[in-house]
Amino acid sequence: MNRNEKFVITINRELGSGGRTVGELLAKRLGVPLYDKALIQGLQDKYNLSVDEIERLKGRSHSWWSEFKRAMTIGLTTTQNYVQHGIVEEPDLLVTDDIYESEVEILKGIAESESCVITGRTAFHVLRRHPNHVSILIQAPIDQRIARLVRKRGISQEDALDIIERVDKERENYVKRYTGTSRYDTRNYDLVISIAEHTEDEVVELIMNYIEHH
């Protein structure tokens with residue numbers, strides 16, 4: 001990956017693996033924005049970014065995302081504001097085709113406009129032909145995933161396992177429906193990392209090392 005040109009790093013991760021934290025740390029390390037599904041859903045809801053609205057914005061400017069971002073003053077700090085002001089960590093995956101199509105256009109607009117890190121959704125597939133793209137999958141053993149949810153959400157191990165199984169199924173169905181591939185197919189990624197024996201900071205170092213040498 002060439003850091004001197006616009007780049008995009010997509011991170012797909014299992015719930016409870018710490019993958020979103022890795023994305024936050026990596027984006028901070030690289031000095032670029034982090035975008036996740038909560039932010040994208042918030043943009044769709046708050047600004048009515050339907051396919052028709054995005055087409056209207058495109059008609060006004062080739063770099064429509066840059067213009068939109070400048071107008072809305074979205075950046076590294078406001079990315080967090082969306083998450084902190086009520087956008088849930090696991091937005092509903094039961095979306096319509098129109099919502100998905102607008103999401104695709106948002107992802108493409110972001111990647112064309114600036115260097116960034118994107119976690120979740122189908123960004124790994126949507127941006128697979130981006131000329132300066134690194135795709136990453138972060139996983140963790142089930143007991144570690146359960147323990148993380150218990151610690152972060154204050155729930156029982158049984159409830160944590162139920163949530164993990166439900167979200168895993170929903171995410172896999174979502175990806176298969178809209179991409180025709182599996183989120184677990186390692187051919188979709190440049191790096192597949194198990195966080196089992198590593199801290200989030202150590203995983204960031206692994207990714208940085210890969211970036212520097214590829």
Side-chain angles (χ1 to χ4, degrees), residues 1-43 63 65-66 68-69 74-83 87 89-91 100 103-140 171-172 174-175 178-179 181-196 198-214:
M1 188 186 83
N2 186 353
R3 291 177 62 183
N4 295 319
E5 298 179 359
K6 288 177 187 174
F7 65 82
V8 59
I9 298 172
T10 57
I11 299 178
N12 221 349
R13 77 272 191 246
E14 293 180 317
L15 178 65
S17 68
R20 193 187 186 284
T21 300
V22 169
E24 291 174 346
L25 294 171
L26 182 63
K28 184 175 181 180
R29 180 78 172 268
L30 293 168
V32 300
L34 169 72
Y35 296 101
D36 66 4
K37 60 181 175 290
L39 171 62
I40 291 170
Q41 181 170 309
L43 290 173
S63 56
W65 174 257
S66 292
F68 177 81
K69 180 177 175 179
I74 298 168
L76 288 168
T77 55
T78 49
T79 297
Q80 295 305 315
N81 289 341
Y82 277 98
V83 178
I87 303 299
E89 183 180 347
E90 297 298 328
Y100 177 73
E103 184 176 286
V104 167
E105 293 304 316
I106 292 170
L107 289 171
K108 288 180 178 178
I110 292 170
E112 290 171 2
S113 176
E114 62 185 330
S115 295
C116 58
V117 175
I118 302 175
T119 64
R121 296 313 231 189
T122 58
F124 75 94
H125 179 79
V126 173
L127 303 175
R128 66 192 183 282
R129 294 191 176 89
H130 189 286
N132 204 19
H133 171 212
V134 173
S135 181
I136 301 166
L137 173 65
I138 296 178
Q139 299 178 301
R171 287 181 175 177
E172 176 67 354
Y174 179 87
V175 170
Y178 288 110
T179 72
T181 186
S182 169
R183 63 195 296 263
Y184 299 108
D185 188 337
T186 57
R187 292 172 296 183
N188 291 316
Y189 308 99
D190 301 296
L191 279 175
V192 178
I193 301 173
S194 174
I195 206 168
H198 303 285
T199 65
E200 287 94 343
D201 287 313
E202 288 171 342
V203 171
V204 171
E205 288 300 327
L206 288 172
I207 296 170
M208 291 297 298
N209 185 63
Y210 178 87
I211 290 170
E212 294 296 331
H213 294 91
H214 291 81

How long is the straight-line distance from [atom2] of [Y] back to [atom1] of [X], given to the nearest 0.5 Å?
X    : Y    : atom1 : atom2 : value
F124 : N188 : CZ    : CG    : 4.5 Å
E114 : W65  : CD    : CH2   : 7.5 Å
L127 : T10  : CG    : OG1   : 6.5 Å
I136 : L191 : CD1   : CG    : 5.5 Å
R187 : D185 : CZ    : CG    : 4.0 Å
F7   : I211 : CZ    : CD1   : 6.5 Å

- prompt: Is a side-chain donor or acceptor of K108 paired with a backbone partner of V126 at a separation under 3.5 angstrom?
  reply: no
query: Does E14 come within less than 4.0 Å of R171, counting only side-chain N to carboxylate O?
result: no
- request: Please state whether the rings of Y210 and H214 are parallel, tilted or perpendicular, taking 30° and 60° as the class boundaries.
  value: parallel
message: Testing the basics here: between N132 and K6, what is the closest heavy-atom pair and its distance to 0.1 Å?
response: ND2-O, 3.1 Å
field: Nearest atoms (heavy-atom pairs only) where I195 meets A140
entry: CG2-CB, 3.5 Å
field: Side-chain touch V32/I9, heavy atoms, less than 4.5 angstrom
entry: no
message: Consider salt bridge (charged side-chain N to carboxylate O under 4.0 Å, His left out). Of E205, E24, E200, which one does R29 pass it with?
response: E205
